[in-house]
*Asks:* 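Questions regarding the structure given below will be posed in turn.
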Amino acid sequence: MLTMKDIIREGHPTLRQVAKEVSLPPSAEDISILKKMMEFLMDSQDPEIAEKYGLRPGVGLAAPQININKRMIAVRVEDQRGELIDIGLFNPKMISHSLETTFLDNGEGCLSVDRDVPGIVPRYARIKVSGTTIDGENVTLKLKGMPAIVFQHEIDHLNGIMFYDRIEQPDPFKQPLPPKEVV
Ligand SMILES: O=C(O)C[C@@H](Cc1ccccc1)[C@H](O)SCc1ccccc1
Ligand code: NI
């Protein structure tokens with residue numbers, strides 16, 4: 001099983017690289033890695049297992065965070081209706097997004113960042129993401145709310161972007177401007 005010692009921390013160069021596309025159909029090794037990433041999220045969300053193995057709860061994980069420079073992400077998060085989105089994707093791609101933006105009131109954290117970095121992290125409010133599942137199915141997901149935020153955080157990891165790169169400086173709590181009215 002993956003534990004926190006498998007997760008690289010900020011300063012490690014892999015977190016600032018652009019990850020490589022996974023060749024499809026995925027190899028047995030890539031499938032095994034993505035399954036382990038999904039298992040980590042499940043374990044991290046189980047209070048007993050998390051306590052036993054010292055796991056930080058996570059709702060998403062990107063392969064570069066376990067020092068694998070490949071475009072693979074795992075997400076395990078509930079949507080507004082309480083539906084669990086529990087998915088691993090090869091080569092996820094944000095194919096469209098709303099003009100409208102959103103953000104988490106308490107800001108964001110990261111399993112690869114062992115410090116609090118306060119500030120507003122602007123994210124698109126609604127996004128469409130395409131990718132290939134562990135079963136080799138090409139899917140397109142329409143996302144909003146927390147799932148949309150998590151997918152954007154994870155896809156950023158595939159492009160070497162950390163959440164705090166998106167915090168406005170010098171005013172980290174400056175409200176993002178609303179989209180211009182299209183007349
Ligand atoms: O480091 C990661 O990529 C995992 C992050 C993902 C994330 C953080 C904030 C906002 C969106 C995605 C971890 O899940 S951080 C821990 C966490 C747990 C529950 C809710 C929010 C953050
Ligand atoms: Ni992160």
Side-chain angles (χ1 to χ4, degrees), residues 1-19 33-34 36-51 53-94 97-98 101-127 129 131 141 143-168 172-173 176:
M1 73 180 280
L2 290 175
T3 64
M4 295 309 293
K5 69 169 177 42
D6 298 302
I7 294 179
I8 59 174
R9 308 301 154 92
E10 61 180 328
H12 191 300
T14 302
L15 288 172
R16 287 305 192 178
Q17 291 173 357
V18 175
I33 292 165
L34 191 49
K36 283 192 168 62
M37 290 166 59
M38 293 177 72
E39 280 161 11
F40 171 84
L41 295 180
M42 187 171 65
D43 291 343
S44 78
Q45 292 174 15
D46 178 317
E48 275 179 34
I49 298 176
E51 161 89 21
Y53 294 99
L55 308 180
R56 267 184 69 188
V59 290
L61 189 66
Q65 292 182 275
I66 53 172
N67 203 17
I68 293 175
N69 192 19
K70 291 186 176 182
R71 301 186 80 82
M72 303 159 53
I73 65 170
V75 172
R76 192 172 199 271
V77 68
E78 285 190 2
D79 67 14
Q80 290 88 311
R81 292 176 304 169
E83 292 275 306
L84 184 67
I85 296 173
D86 184 8
I87 191 166
L89 280 185
F90 297 108
N91 305 326
K93 186 174 169 58
M94 187 162 64
H97 61 76
S98 59
T101 60
T102 186
F103 57 87
L104 292 178
D105 291 339
N106 298 331
E108 296 189 9
C110 183
L111 296 174
S112 296
V113 178
D114 293 329
R115 61 193 172 103
D116 281 340
V117 185
I120 288 175
V121 183
R123 299 291 186 184
Y124 296 116
R126 291 174 304 283
I127 60 173
V129 172
L141 308 174
L143 303 161
K144 62 182 178 185
M146 187 63 180
I149 292 172
V150 177
F151 271 83
Q152 289 172 79
H153 179 115
E154 301 313 328
I155 292 171
D156 268 357
H157 275 306
L158 303 182
N159 297 318
I161 298 166
M162 303 294 280
F163 73 92
Y164 45 71
D165 299 342
R166 295 187 181 279
I167 296 175
E168 179 85 23
F173 292 96

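If you read the sequence from its start, that first residue is 1, and numbering goes on from there. This is a predicted model, so every value here is computed, not measured. Just so you know, ligand 1 is whichever comes first in the structure, and atom 1 is the first atom listed for that ligand.
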*Asks:* Sub-3.5 Å donor-acceptor pair from the side chain of Ser112 to the main-chain atoms of Ile8, do we have one?
*Replies:*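 Checking the backbone N and O of Ile8 against the side chain of Ser112, a donor-acceptor pair under 3.5 Å is found.
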*Asks:* More than 12 non-hydrogen atoms from neighbouring residues, nucleotides or ligands closer than 6.0 Å to CZ on Phe163, yes or no?
*Replies:*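 Enclosed: over 12 neighbouring heavy atoms sit under 6.0 Å from CZ of Phe163.
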*Asks:* Is a side-chain donor or acceptor of Arg71 paired with a backbone partner of Ala63 at a separation under 3.5 angstrom?
*Replies:*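 Not confirmed, Arg71 side chain does not pair with Ala63 backbone.
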*Asks:* Should the pair Arg76 and Phe40 be classed as cation-pi, given the thresholds of under 6.0 Å to the six-membered ring centre and 45° from the axis?
*Replies:*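 No cation-pi geometry.
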*Asks:* Which of the protein's N, O or S atoms come within less than 2.8 Å of the Ni ion (ligand 2), not counting waters?
*Replies:*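 Within the sphere that stays under 2.8 Å of the Ni ion (ligand 2), the protein atoms of type N, O or S are Cys110 SG, His153 NE2, His157 NE2.
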*Asks:* Decide yes or no for Phe173 and Pro118: does some side-chain heavy atom of the first lie under 4.5 Å from some side-chain heavy atom of the second?
*Replies:*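 Answer yes - side chains close enough.
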*Asks:* Using a 4.5 Å cut-off on heavy atoms from C-beta on, say whether the side chain of Arg126 contacts that of Leu143.
*Replies:*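 No, their side chains stay 4.5 Å or more apart.
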*Asks:* Do NZ/NE/NH1/NH2 and the carboxylate oxygens of Asp6 and Lys36 come within less than 4.0 Å?
*Replies:*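 No.
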*Asks:* Could you go through ligand 1 and note, for every N or O atom, any protein N or O atom closer than 3.5 angstrom, writing the atom names and distance to 0.1 Å, or 'none'?
*Replies:*
| unit_1 | atom_1 | unit_2 | atom_2 | d |
| --- | --- | --- | --- | --- |
| ligand 1 | 1 (O) | Gln65 | NE2 | 3.0 |
| ligand 1 | 1 (O) | Leu111 | N | 2.7 |
| ligand 1 | 3 (O) | Gln65 | OE1 | 3.2 |
| ligand 1 | 3 (O) | His153 | NE2 | 3.1 |
| ligand 1 | 3 (O) | Glu154 | OE1 | 3.1 |
| ligand 1 | 3 (O) | Glu154 | OE2 | 2.8 |
| ligand 1 | 3 (O) | His157 | NE2 | 3.3 |
| ligand 1 | 14 (O) | Val59 | N | 2.9 |

*Asks:* Would you please name every residue forming a side chain to side chain donor-acceptor pair (under 3.5 Å) with Gln17, sequence neighbours left out?
*Replies:*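 With sequence neighbours excluded, Gln17 shows a side chain to side chain donor-acceptor pair (under 3.5 Å) to Asn69, given in chain and number order.
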*Asks:* Could you pull out all residues at least two apart from Leu104 that satisfy side chain to side chain contact (heavy atoms under 4.5 Å, CB included)?
*Replies:*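 Partners of Leu104 by the side chain to side chain contact (heavy atoms under 4.5 Å, CB included) criterion, ordered by chain and then number, come out as Glu108, Met146, Ile149.
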